[in-house]
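Down below is the structure, laid out as structure tokens.
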Amino acid sequence: MKRKILALLLALATACPLTACGGGADSSSADSETGSGSTSAEAESASGSSLASEEETILAAVPAEAREDCVSYLTDGVMSNDTVVITVNGADVTADMFIYFLSYYETYYMMMFSYYGYDVSLEDSYSDDMTYADFFVQIAEDASIQMVVARSLAEEAEVTFTEENQTSLDESMADLTESDLLYLGANEAVMEDLFTCTIYGNDYQSEVYGEGGSEEITDEMAEEYAEENGYYNCRYILFNGVDLEDEELEAVQAEAQACYEALSQLSGDELVEEFQARQAELNEDGDAEECYVSPSSDLSFSDTVLALEEYEVGITDATDYGYFVVLRLPLGEENLSSVKQDYADELFSAAINDAISAADITYADVLEELDYTAFFDALAALQEAIDSAS
């Protein structure tokens, strides 16, 4: 599958803030060169014309019925874009949202399985009582519900949709082409709704968990969260022991031990400066920077670092890579901000789950009426038509 997969995932807690979309480097220096503005404008115009021509070619390969109502086309009329498939506390989830997530997850997972060499079909068992097709339906339903609940939480917290939000939304929508949307059975209206829900979710986190919020995550709370969950900042020096004979490895260990003992005699700024100098000189993987580590990382020296106090030096036992001399450092403002975001993501996810548990959710009978095998076949054929015309 060659077409790009639209990057809007179900977990709003892990979605990137849309206020970051559309940004770019300062262009003033480039435009100050004689004639550069004109050349750039001509190049942009030519590029835009080429993209428009490509889009026309792709859309010519798409059946007119798909462009008119892609959900109806893919479901053989069982659903249309605006068919209500789920209600959450009286709020409607329409088929275009559900079908977008169903298409997204089936496309994404099957592409990943293929990439990594796994032969998986939709009829294969995902679990004892669920096929992969069933699994995709379930997570598409869950994703749709989470979107609605996230927006509802934001509205209950009186989060407002600002002009800046609208600008961000407009920029995000401008980046989408009709063929990109059709590739996942989507349309502009549902994507605008999904982006809007994401913006509301991001702003909810900022206003509730950010500075001055009703559940503000303070520096102290973030530091405690970091300590409990394995976040840290450090410097390290690798003494490479890969593919060495015993005597050679013993020499590497002795070199690492000597470095550790020398650094252990120092403290404060002198320790940091000397460690940095030795890191630049001796580190055999070439990294001379600080290393910020989140719990998702699996590094050979993590246990050693986590056992240290800040500004304390340690040395690992033998690892698959050799020996590491490590220096634990404070998280620092930037890394602490990252920890706060992860903590806010977790709290937001918990708030969504709590709200879903308490919600009155109704599933429409039409979800049981849809032939999902036929749907996935129709989706694959549409995607093949778009791929072939690209």
Side-chain angles (χ1 to χ4, degrees), residues 3-10 12 15-16 18-19 21-22 52 55-56 58-59 62-108 137 139-152 154-155 159-203 363-364 366-367 370 375 378-379 382-383 386:
R3 298 287 295 179
K4 69 179 182 180
I5 304 300
L6 302 177
L8 184 62
L9 304 182
L10 74 91
L12 290 179
C16 295
L18 295 184
T19 51
C21 295
E55 179 71 358
E56 289 176 1
I58 295 170
L59 293 177
V62 175
E65 296 89 339
R67 296 184 65 184
E68 181 178 344
D69 187 323
C70 200
V71 169
S72 179
Y73 174 78
L74 293 173
T75 65
D76 196 25
V78 174
M79 301 175 181
S80 62
N81 285 335
D82 57 2
T83 299
V84 175
V85 294
I86 305 171
T87 60
V88 184
N89 292 331
D92 292 338
V93 174
T94 50
D96 51 4
M97 182 179 289
F98 166 69
I99 291 298
Y100 164 80
F101 280 118
L102 182 61
S103 302
Y104 173 86
Y105 282 109
E106 189 270 346
T107 301
Y108 175 78
V137 172
I139 60 176
E141 292 174 350
D142 292 345
S144 302
I145 292 168
Q146 288 187 39
M147 281 289 180
V148 172
V149 169
R151 180 168 184 165
S152 176
E155 290 173 343
V159 173
T160 58
F161 200 80
T162 65
E163 290 185 11
E164 182 181 2
N165 291 150
Q166 186 61 53
T167 298
S168 184
L169 173 61
D170 292 342
E171 290 174 347
S172 297
M173 291 299 298
D175 288 338
L176 303 177
T177 66
E178 185 179 356
S179 62
D180 289 331
L181 300 180
L182 291 170
Y183 198 79
L184 296 178
N187 56 66
E188 286 192 358
V190 73
M191 292 311 300
E192 183 170 339
D193 194 18
L194 291 168
F195 281 135
T196 299
C197 289
T198 305
I199 291 173
Y200 269 119
N202 290 327
D203 282 4
Y363 298 86
V366 71
L367 288 168
L370 181 60
F375 166 79
L379 177 66
L382 178 60
Q383 292 176 339
I386 293 173

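The chain is numbered in sequence order, starting from 1.
- Residues Ile145 and Tyr363 are in side-chain contact: their nearest non-hydrogen atoms beyond the backbone lie under 4.5 Å apart.
- In summary, the side chains of Asp142 and Gln146 do not present any donor paired with an acceptor at a separation below 3.5 Å, with no hydrogens or angles considered.
- One distance of note links OG1 of Thr75 with CG of Leu379; it measures 12.0 Å at 0.5 Å rounding.
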### Query
Do Val137 and Leu367 pass the side-chain contact (heavy atoms from CB on, under 4.5 Å) test, and can you show the C-alpha distance, the side-chain angles, and the key distance before you say yes or no?
CA-CA 9 Å; Val137 172; Leu367 288 168; 5.9 Å; no

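- Considering only residues two or more places apart in sequence or on other chains, Glu188 meets the side chain to side chain donor-acceptor pair (under 3.5 Å) condition with none of them.
- Of all the heavy atoms in Leu169 and Phe161, the pair that sits closest is CD2-CZ, 4.0 Å.
- With contacts defined as side-chain heavy-atom distances shorter than 4.5 Å, the pair Val190/Asn81 does not qualify.
- From Met97, atom CE reaches atom CG of Leu102 across 14.0 Å, with rounding to the nearest 0.5 Å.
- In this structure, the side chains of Ser168 and Phe195 stay at 4.5 Å or more apart for every pair of heavy atoms.
- Taking 4.5 Å as the limit, every side-chain heavy atom of Met173 sits out of range of all side-chain heavy atoms of Asp170.
- Judged purely by atom type and a 3.5 angstrom limit, Asp92 has no side-chain atom pairing as donor or acceptor with the backbone of Thr94.
- Annotation: the span from Leu382 atom CG to Tyr73 atom OH amounts to 6.0 Å, rounded to 0.5 Å.
- To the nearest 0.5 Å, atom CE of residue Met147 and atom OG1 of residue Thr198 are 4.0 Å apart.
- When all heavy atoms are compared, the tightest approach of Asn187 to Leu181 is C-CD1, 3.7 Å.
- Considering only heavy atoms from C-beta on, Met79 stays 4.5 Å or farther from Leu74 through its side chain.
- Shown here for Ser103 and Gly185, the closest heavy-atom pair between the two residues is OG-N, 4.4 Å.
- Looking at Glu55, its side chain does come within 3.5 Å of a backbone N or O of Glu178 through a donor-acceptor pair.
- We find the OG-CD distance between Ser179 and Glu56 to be 11.5 Å, quoted to the nearest 0.5 Å.
- Under a 3.5 Å cut-off, the side chain of Thr87 and the backbone N or O of Gly90 do not form any donor-acceptor pair.
- Considering only heavy atoms from C-beta on, Val85 stays 4.5 Å or farther from Ile99 through its side chain.
- In this structure, CD1 in Ile199 is found 7.5 Å from CD in Gln166, a value given to the nearest 0.5 Å.
- The closest side-chain heavy-atom distance from Thr83 to Phe98 is not below 4.5 Å.
- There is a side-chain donor-acceptor pair under 3.5 Å between Thr162 and Asn165.
- What you find for Ala95 and Ser80 is that their closest heavy atoms are CB-O, 3.2 Å.
- Residues satisfying the side chain to side chain donor-acceptor pair (under 3.5 Å) test with Ser152, not counting sequence neighbours, are Glu156.
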